[in-house]
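For reference, the structure discussed in these notes is given below.
Numbering starts at 1 and runs along the sequence shown. Computed from a prediction, not measured in an experiment: that's the story for all the values here. In listed order, ligands and their atoms are each counted from 1. The analysis underlying the following values was restricted to heavy atoms, covering all of them including side chains, and did not include hydrogens, waters or symmetry mates.
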Amino acid sequence: MGRRCWRQRVLAAACLGAALLLLCAAPRTLRPVFGNRALSSSWLGRERRSPLQKLYDLNQNPRSTLAEVHRQRRDLLSSACSRHTRRQHLLQPEDLRHVLVDDAHGLLYCYVPKVACTNWKRVLLALSGQNRGDPRAIPAHEAHAPGRLPSLADFSPAEINRRLRAYLTFLFVREPFERLASAYRNKLARPYSAAFQRRYGARIIQRLRPRALPDARARGHDVRFAEFLAYLLDPRTRRDEPFNEHWERAHALCHPCRLRYDVVGKFETLAEDAAFVLGLAGAPDLSFPGPPRPRGAAASRDLAVRLFRDISPFYQRRLFDLYKMDFLLFNYSTPSYLRLH
Ligand SMILES: *[C@@H]1O[C@H](CO)[C@@H](O)[C@H](O)[C@H]1NC(C)=O
């Protein structure tokens, strides 16, 4: 897409005001943005290349191995998008609620809960200078406090488009069923999410468990995985309100076929991918908080295997259909433990 097209789009979006947001439907191809004088001259008032410019540099000769991995992920995403998505609605600013903005570094991060998003928020707070020192020291509730990190949804369409054009945009994804298993365990199965259990667990039990005991109906503390899946597949659930962000599909939170993502990070390679982003952001010394448990990856898979073992093939197939786009767009293969045929 040429510059002129962009300019027209930005102009169109500005004219439309807050009513409609017009975004480039096709992912933007990487190109140098040093033509953008406003950006390079005001870049922290220093002679520094933006993260997006650095990514562009890396993609030139000689290519770094990591940059090549990320280029392949972008290509796969964009071809999966053109293969599997049909006509799409226009994005509204509110659709960009999950995209967090770091104006100082030129970063846009779309957070997906259960994919190290607390740690990313901590790191962005540390980067922004709001919290100095070790990101690990920032309490989780502070990292999640509304308004600590601005959301792209809070800007005007013209301001949104300007950032989308010039900033490095990234997200982190995770194997969809491992993410779902993790959401179930942390939000519904564990005893420490009483508020979550009262809000969602109680609803699930009231709706889906015949002859539930009064205590379970009120507290929602003992939702079984099968009941949770039945709730996700129940058409009433999404008719009433969107899925909670902890189990909403990553593509529905971050719109990867509508926005151009420069880096698709993966939970499975979190340390390398985070270091890659932090290098581009000009903060290579900031260390991304490591996983709390060393056996994280294997444990995450084991949990999914164990939980899905007791689910009937019929429900497995329907659930796979529900999360299929996340498997396809982010190159996750169908889990071998599923019995889909
Ligand atoms: C997609 O996944 C396959 C199988 O895991 C892997 O071999 C391939 O490199 C991946 N492609 C990309 C672009 O990540």
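Side-chain contact of Ser287 with Arg136: a donor-acceptor pair under 3.5 Å is present, judged by distance alone.
Within a 6.0 Å radius of OH in Tyr332, more than 12 heavy atoms belonging to other residues, nucleotides or ligands are found.
The residues Arg203 and Glu241 are annotated as salt-bridged, a charged nitrogen and a carboxylate oxygen being separated by less than 4.0 angstrom. Here Arg163 pairs with Asp103 in a salt bridge; the nearest charged N to carboxylate O distance falls below 4.0 Å.
Between Trp247 and the options Tyr184, Phe228, Tyr323, a ring-ring contact (aromatic ring centres under 6.0 Å, His included) holds for only Phe228.
Not a single ring pair (Phe, Tyr, Trp, His ring centres under 6.0 Å) links Phe330 to another residue, sequence neighbours left out.
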Run through all N or O atoms in ligand 1 and write down each protein N or O closer than 3.5 Å, as a pair with its distance.
{"residue": "ligand 1", "atom": "2 (O)", "partner": "Asn331", "partner atom": "OD1", "Å": "3.2"}
{"residue": "ligand 1", "atom": "2 (O)", "partner": "Asn331", "partner atom": "ND2", "Å": "2.4"}
{"residue": "ligand 1", "atom": "11 (N)", "partner": "Asn331", "partner atom": "ND2", "Å": "2.8"}
{"residue": "ligand 1", "atom": "14 (O)", "partner": "Asn331", "partner atom": "ND2", "Å": "3.2"}

